[in-house]
Amino acid sequence: MTMIFGIPVQAFLGQLLVGLINGSFYAMLSLGLAVIFGLLRVINFAHGAQYMLGAFIGYLLLTRLGIGYWPALVLAPLTVGLFGIVVERLALSRLYDTDPLYGLLFTFGLALVIEGIFRYYYGVSGNPYAVPPLLSGGTNLGFMFLPNYRGWVVVASLIVCFGTWALIEKTRLGSYLRAATENPRLVQAFGVNVPLLLTLTYGLGSALAGLAGILAAPIYQVSPLMGSDLIIVVFAVVVVGGMGSILGAIVTGYMLGLAEGLTKVFYPEASNLVVFIIMAIVLLVRPAGLFGRDA
Amino acid sequence: MADLTLRETAARTPAWLEWTLIGLGILALLAAPFFVYPIFLMKMLCFALFACAFNLLLGYTGLLSFGHATFFGGAAYFTAHAVKVWGWPPEAGILLGTAGAALLGLVMGFFAIRRQGIYFAMITLALSQMFFFFCVQAPFTQGEDGIQGVPRGTLLGFLDLNVPLNIYYFVLAVFLIGVFAIWRIVNSPFGMILRSIRENENRAISLGYSVANYKLAAFVMSAALAGLAGAVKAIVFQFATLTDVTWQMSGEVILMTLLGGIGTMVGPIIGASLVVGLENTLATSGFPVTIATGLIFMVCVLVFRRGIVGEVYARVMKRARKG
């Protein structure tokens, strides 16, 4: 059997794949946080709850209405996005002229309520969500066995991440967004409907979380607590990357996922901690974050 | 970064009102164990001190820490371990817990003060989650079981803490000393500098204050006092568990402070009493506590940012100005 650093190559690549999958979710979620923060100056604590909501909508569509994975892949983000739009209109839009910390506190409360409701009705145990038939099974790559669904998640997350990046960096709508991030009043004076832009941005960010949720459903179990454990790690990812750049959020997400996977190979006890340790080191060496612009 | 402080909510406090409330409050607390279940009162006092310690940081320095559970729960573990495993007397155990929390505060503060505002909140949250994972894995915390059956012992060798009234008045004394310490810190020249950092950090820097050192000092003091509350709680309830180091606990202390009134002396005490009372009521009703907590959070942030005491002060000030 081939060995790398004294570890069987199969186990090594397996953990690396797990790291890549985790990294895909870190990237998608930190991307959504960065998009929302860029324009709204709100740290969306409810991001984890919205991710859980996406997974649960998929689960409920399947078990209650018999609607499968592929339609759910569209319906779940759409529903979560609409929910986000309602939240922004009813509540967040009233907080823009206050301290940004209030946005964090409000979305924290929102996250507690959403999670509390699902915990009340579904308990804390996980519910399995079957891999869609088209992607079940796996492919033997010669050097390792790749479950098809996991391969799909990596591809899908790359498409989502770079699609969002292109939307913001390369389109006209994206240029409005970036301009409004720099100077919302001036952009409004030019006749762009900035409040609408804010609403849509929060909707888009929420939808991204919902999409990550439905993608995650067949891999992790669908449970009310799946989001809150993840979101804190994603916060650390965001601190490491700095929220100034969309691309930075994506790259940092994948990097830290892989770092976690590698740690699991060499020193499993620390795999929970490694993202936080990297965060602490980055704070010492480069407090603004790897890709951050603001001090 | 002046827009990252919570200046608008910090209501100015009319002195006479505060003193009247404090006098009535102390009298009520002295008489309370004859009317109310002492365990409930002691829980309230521990959380009230925890919230006051947290408010020293949020209300008077303008730093929102999302990781204060580390100090509260960490100190509870240290105290419980020292008293149960090493057989230390309760006062030594509590001192050790407080010192341990101060040390944790020094480490967390050292990293967190490198960023401001929202990043500060996220860093403290991440580091406290790291401490949570440490507590899950470290052998001395005994994982999911926690440290159970901690003896209350005899305070200073003569006061038996197993007698309900003895331990109640001990907890009340610790609470009063803790709150007095916070009041002294806030109203000292040091406290004035903390407030100036809250109001306008850049101006404080340009006046020549080493803002980073002041922030770190405030962070350590707040951590130590939060630890004192946690250490006493471990002696009262005779256990230390993972619940006290979770991020939910960090959120709870924020809620207590926000509900009562950020930047007021009595606000966090009232907020803590209400939250603890509410949780006790809900515990028997079957209505999930997290939903209630979350709803109060949302309502407070949307319509009630000054908190209960802050609102009262604002009304009184308004009337005083009119009259």
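Note that the structure is a prediction, hence the values are computed from the model and not measured. Naming convention: chains lettered A, B, ... in sequence-line order (proteins, then strands); numbering from 1 in each chain.
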Whatever's closer than 4.5 Å to a heavy atom in chain B on F106(A) counts as both
Bottom line for I296(B): the part with an atom under 4.5 Å from chain A's heavy atoms is neither
Exercise for the section: Would you please classify the geometry between the F219(B) ring and the F120(B) ring as parallel, tilted or perpendicular, with 30° and 60° separating the classes? Expected result: perpendicular
If one checks every heavy atom of I114(A) against chain B at 4.5 Å, the contacting part turns out to be neither
* Asked: Under 3.5 Å, is there a donor-acceptor pair between the D244(B) and Y77(B) side chains?
  -> no
Bottom line for F287(B): the part with an atom under 4.5 Å from chain A's heavy atoms is neither
In this structure, NE2 of H47(A) is separated from CG of L110(A) (nearest 0.5 Å) by 13.0 Å
Most contact-rich option vs chain B, by heavy-atom pairs under 4.5 angstrom, among G103(A), G109(A), G116(A), is G109(A)
Checklist entry - Taking the six-membered ring of F37(A), is the NZ or CZ of R41(A) close enough (under 6.0 Å from the centre) and on axis enough (within 45°)? => result yes
When the 4.5 angstrom heavy-atom criterion is applied to L105(A) and chain B, the contacting part is both
Self-check item: Cation-aromatic face contact R115(B)/F111(B), 6.0 Å, 45 degrees
Solution: no
Turns out that what part of L125(B) lies under 4.5 Å from chain A's heavy atoms comes down to both
Without hydrogens or angle criteria, can the side chains of R203(B) and S196(B) be said to hold a donor-acceptor pair below 3.5 Å?
-> no
Cut-off 4.5 Å, heavy atoms of chain B, and the answer for L104(A) is side chain
